[in-house]
Amino acid sequence: MSSRKKTLLKVIILGDSGVGKTSLMQQFVNNKFSQQYKATIGADFLTKEIQIDNNKSVTLQIWDTAGQERFQSLGVAFYRGADCCVLCFDVTNEKSLNNLTSWKDEFLVQSNVSNPQDFPFIIIGNKIDVDDSKKIPSLQKKLHNITHNQLGGLNYPVFETSAKDSVNVEAAFEVVAKMALQQEELNAANGGDVNDDYNDAINIHLGSESSSCC
Amino acid sequence: MIDFESLLEFEESLGQSLNRSHKLILLALEAKIDQVREDDRNFHDDVDPALSCCSEAQPSVEELAESYDVREDEFARCNTCGQSLARAADAEAEAEAPAPASCCKMAMDKNKLASWSSLDKSYWASFMDNPSRTINTLPNYTELSCLRQGIPNCLRSFVWRKLFLLNSTKIPTSIQLVYQNFQHSYSVEVATQIKKDLSRTFPAVEFFKEARTIEDLSTILNVYANYDAELGYCQGLLFLVGVLYHHLQRNCELTFYALTNIMAIESELHDVFTPTMMSTISNQWANEFASIFKQVDTEFYTHLSSIADMSTFLFQWWLSFMSSHVPDLSIISRIMDFCLLQGWKVGIFKISLGLLVSNRPILMSLVEGDEEVVYQHMLNESKWGTVMGNLEGFFGELLFSWQDDLFIDFQRIESMSSSTSTSDTYPYASHAHPYTLQSLKSLPLFNLKSPTAPGRLRSNTTSTGATNQSQSSLFSFKTSSNGKYAESIYSNTSEDSLETKSFTDFLKLPTFAKKNHNSNEKSSGKMEDDLWAENKSLRLENDELKMMLGKAFALLNAPAGENEMEIALLKGEILQVISEE
């Protein structure tokens with residue numbers, strides 16, 4: 001890939017309502033935090049250029065989505081052409097942790113990516129600045145169960161962040177950028193447009209071993 | 001006192017200069033009337049309409065304007081500079097503070113009765129007295145004063161109230177009972193979601209941070225979720241409900257009723273917020289919108305759709321009632337005024353189209369690969385940039401530069417070959433468009449309750465009996481179960497006496513008739529009357545010309561090349577006035 005060509009990486013942030021998706025994006029892109037973010041309707045979007053690896057410059061296109069479950073059905077419009085997906089939960093909200101799997105599944109259904117088995121996801125647990133007493137009890141164990149489960153588990157990198165105090169946000173997005181770049185190069189190497197609709201969404205959803213069967 | 005004669009004369013001259021049909025406003029009104037009847041019928045409200053009109057003393061326009069305090073209205077902003085008028089009023093009150101800017105002063109004066117013409121006072125008095133009749137008989141004036149100019153801040157609360165209640169003075173008992181009795185057994189999930197969203201819908205507005213506001217809005221939304229299990233609660237609703245609650249002056253029951261009323265009238269608007277239909281309706285709307293957009297400006301549409309996926313931002317706009325990223329609260333009030341009078345789906349379609357057209361120069365300069373610039377711009381506040389400071393141009397001109405039929409008939413047009421005559425323009429007062437009736441029945445915009453074809457009668461005094469006769473078959477009522485209600489507002493529409501009905505009959509004016517009608521039977525006393533009427537009409541004409549001159553002046557001051565559409569429109573209007581002479 002020509003280094004002069006602008007590399008655009010599309011990243012989708014998913015997760016339950018109120019886990020801090022907008023805050024994470026704002027902290028990463030604009031280095032600011034506010035209590036006054038609006039509820040995201042549909043989707044919002046920001047971009048940031050960063051250097052990764054050998055000073056390679058990439059532009060991250062970050063899509064912040066609505067957290068209420070029913071908005072998932074609009075995902076097709078926003079997920080198209082995604083290179084990486086960030087699954088967010090709130091470390092004080094157990095339900096948001098348990099919902100990660102459904103966010104992932106729904107994403108794969110709607111985005112129609114070509115390699116559902118190894119599409120890059122990362123997990124971000126936000127709000128670690130909050131008092132320990134409010135956090136999910138035995139979070140590490142629960143998290144481990146979710147991420148090390150061979151059957152449909154979320155075996156992805158995990159970051160615990162605070163968008164408020166800007167802890168780990170940069171680091172998380174650097175990994176996001178690297179994973180997204182890999183995915184982008186993979187797609188480029190395959191040559192095909194990953195967004196073609198010939199894939200059967202149900203096959204992808206189930207993650208069948210042989211994607212060529214019909 | 002309401003000066004009906006002048007109102008009607010002005011209405012007529014407006015009608016001639018604007019030359020527009022008002023199908024959308026009138027259809028929206030009909031849908032409201034039907035819904036109010038439906039509520040009454042379903043729940044056996046024993047309200048005698050004659051009594052309910054007069055049982056409670058209503059505040060007069062003067063009283064309303066006097067009791068309004070701009071300092072308590074965070075939504076009131078200066079149309080020119082966007083400055084909060086509350087702050088400007090504070091500055092004015094304090095001798096030591098710097099005086100408010102002249103544009104803000106002007107905006108504040110709009111709320112002072114002294115600055116209103118007697119005609120405006122008459123209009124609003126008539127509106128307060130009987131909103132449905134006023135809208136029905138004075139659609140041009142309504143368009144001008146409610147939509148093009150925007151409802152005055154000092155009257156907005158009351159006008160909105162009237163738009164929901166129409167001629168009744170209270171909300172249906174049934175809705176009241178629902179509201180009072182459903183305040184328990186909230187779904188935990190819904191309640192949690194609502195709580196999260198309450199603080200982050202209008203995060204910068206003090207009003208929405210107050211404990212009472214949060215408490216009330218939470219109750220309204222939770223009760224609504226109990227009442228409408230199919231929809232429940234959806235993010236985005238708060239943009240609507242919050243503004244309703246603010247402008248309806250914290251009246252919870254009325255806000256709740258307003259919400260149920262809006263959702264009941266527009267089934268598609270309701271469905272777009274339900275989990276099961278959101279995606280289907282959104283996509284359907286996106287297709288419909290695309291077909292309208294394409295007709296309005298094919299070149300622009302083709303260009304934009306080739307570089308970006310419009311649904312990416314359209315969904316955000318629609319599901320937040322256009323209010324999610326708006327730089328100025330007064331715009332939100334204007335958006336809501338607009339939709340309340342014309343219908344929500346139509347309203348947000350028109351505003352979306354207007355926003356796109358306003359951003360045409362920017363969007364046309366972008367090329368393939370600039371997708372992200374498009375999204376960045378259209379998803380954020382910057383899309384309103386060209387509208388800010390020119391709200392009058394946007395709401396007053398641009399949004400009225402398309403024929404209503406475009407938004408009514410679009411499904412039809414889509415399936416029709418281009419050779420048919422759907423794109424004909426319909427001169428004012430000849431409202432018998434051949435497709436009207438069919439399109440009303442299949443109307444996707446309102447959930448019209450079946451048998452009430454519009455028996456609208458706005459025939460002005462000059463229209464002949466013959467044309468009316470031919471329309472009577474088109475617009476006659478099918479006798480229906482709600483026939484007894486049908487009489488009340490559009491009385492006698494299907495009768496043979498149609499041609500004798502005119503504006504004046506509807507306003508029940510004893511003697512008013514246009515001067516060329518009674519020219520044969522002038523007595524000396526009438527001569528004086530005529531002279532007086534002539535003077536009056538000259539003055540009105542003057543008013544109208546002044547208005548146009550004002551617009552032309554504003555356009556002269558605007559940077560060249562940006563307002564071509566408005567200029568063309570204005571040219572047409574002026575030409576018409578000149579040719580009338």
Side-chain angles (χ1 to χ4, degrees), chain A residues 5-12 16-23 25-26 29-30 34-49 59-81 90 92-96 99 106 109-110 195, chain B residues 188-190 192-205 209 231-239 272-283 286 309-326 369 371-381:
Chain A
K5 194 181 161 199
K6 192 172 152 198
T7 309
L8 255 186
L9 303 172
K10 182 167 177 178
V11 177
I12 315 285
D16 279 7
S17 179
V19 299
K21 298 180 291 297
T22 306
S23 301
M25 176 176 83
Q26 288 286 353
V29 175
N30 295 325
S34 156
Q35 303 280 7
Q36 301 206 334
Y37 293 127
K38 292 184 176 181
T40 309
I41 307 295
D44 277 329
F45 155 93
L46 285 174
T47 57
K48 181 172 183 169
E49 197 162 303
T59 304
L60 281 187
Q61 202 182 81
I62 303 170
W63 287 82
D64 173 26
T65 59
Q68 200 183 11
E69 206 177 315
R70 64 186 71 183
F71 285 90
Q72 281 182 2
S73 63
L74 297 183
V76 190
F78 311 117
Y79 301 170
R80 194 181 301 124
D90 170 355
T92 66
N93 175 350
E94 187 155 356
K95 190 157 170 273
S96 70
N99 278 344
E106 193 63 29
V109 170
Q110 304 245 357
N195 304 316
Chain B
V188 178
E189 196 184 334
V190 167
T192 324
Q193 184 67 53
I194 291 171
K195 201 173 161 213
K196 274 180 197 158
D197 291 341
L198 278 167
S199 58
R200 52 182 199 156
T201 299
F202 294 105
V205 183
K209 292 180 193 163
L231 197 159
Y233 166 74
C234 181
Q235 290 192 299
L237 279 186
L238 251 170
F239 286 99
V272 83
F273 287 102
T274 61
T276 46
M277 295 295 282
M278 180 183 273
S279 153
T280 314
I281 301 282
S282 305
N283 286 307
D309 176 0
M310 279 182 265
S311 53
T312 305
F313 49 85
L314 289 177
F315 291 174
Q316 184 215 55
W317 297 359
W318 294 341
L319 293 169
S320 66
F321 298 87
M322 310 300 297
S323 306
S324 166
H325 291 274
V326 178
E371 203 185 2
E372 64 177 88
V373 187
V374 176
Y375 298 148
Q376 190 97 265
H377 184 57
M378 300 315 272
L379 283 170
N380 290 299
E381 288 183 8

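Per chain, numbering begins at 1; letters A, B, ... match sequence-line order. These values consider heavy atoms only, across backbone and side chains, with no hydrogens, waters or symmetry-generated copies.
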ask   = How close do A:R80 and B:D309 get, heavy atom to heavy atom, and via which atoms?
value = NH1-OD2, 3.0 Å
request  = Specify the closest pair of heavy atoms between B:L379 and A:A43, including all atoms of both residues, with the distance to one decimal.
outcome  = CD2-O, 3.4 Å
ask   = Is there a donor-acceptor contact under 3.5 Å from the side chain of A:R70 to the main chain of B:Y233?
value = yes
note = Between A:A66 and B:Q235, the two heavy atoms sitting closest are CB-OE1, 4.2 Å
query = Which heavy atom in B:R200 sits nearest to a heavy atom in A:G18, and how many Å separate them?
reply = NH2-N, 3.9 Å
query = Side chain, backbone, both or neither: which part of A:Q61 has a heavy atom under 4.5 Å from chain B?
reply = side chain
remark   = Heaviest contributor of heavy-atom pairs below 4.5 Å to chain B, chosen from A:F78, A:Y37, A:F71, is A:F71
remark   = Okay, B:K195 and chain A: the region with an atom under 4.5 Å from a heavy atom over there is neither
task = Go through B:Q193, B:K196, B:M278 and name the one with the most non-hydrogen pairs under 4.5 angstrom from chain A.
result = B:M278
request  = Dump the intermediate steps for side-chain contact (heavy atoms from CB on, under 4.5 Å) on B:Q376 and A:L46, then the final yes or no.
outcome  = CA-CA 7 Å; B:Q376 190 97 265; A:L46 285 174; 3.9 Å; yes
remark   = Highest number of heavy-atom pairs under 4.5 Å with chain A among B:L314, B:L231, B:N380, B:L238 belongs to B:L231
request  = With a 4.5 angstrom heavy-atom cut-off, could you sort out which part of B:T280 is near chain A: side chain, backbone, both or neither?
outcome  = neither
Heavy-atom closest contact (B:S279 atom, A:L74 atom, distance) = CA-CD2, 3.8 Å
task = Would you confirm whether A:K38, through its side chain, and B:S324, through its main-chain N or O, come within 3.5 Å as a donor-acceptor pair?
result = yes
Residue pair A:A77 / B:T312: nearest heavy atoms and the distance that separates them = O-OG1, 4.0 Å
task = State whether a side-chain donor-acceptor pair under 3.5 Å links A:D44 with B:Q316.
result = yes
task = Go through the steps for B:E372 and A:K10 under the test side-chain contact (heavy atoms from CB on, under 4.5 Å), then give the verdict.
result = CA-CA 10 Å; B:E372 64 177 88; A:K10 182 167 177 178; over 6 Å; no
ask   = For the side chain of A:E69 and the backbone of B:P275, is there at least one donor-acceptor N/O pair under 3.5 Å apart?
value = no
request  = Below 4.5 Å from any heavy atom of chain B, which atoms of A:T40 appear? Answer side chain, backbone, both or neither.
outcome  = backbone
message = Heavy-atom count check: over 12 atoms from other residues, nucleotides or ligands less than 6.0 Å from B:E189 CD?
response = no
remark   = Here the gap from B:I281 atom CD1 to A:S73 atom OG, rounded to the nearest 0.5 Å, amounts to 11.5 Å
Contacting region of B:T201 [heavy-atom separation from chain A under 4.5 Å] = backbone
From A:I41 atom CD1 to B:C234 atom SG, the distance as rounded to the nearest 0.5 Å = 7.0 Å
message = Please rank B:F313, B:W317, B:F273 by heavy-atom pairs under 4.5 Å with chain A and give me the top one.
response = B:F273
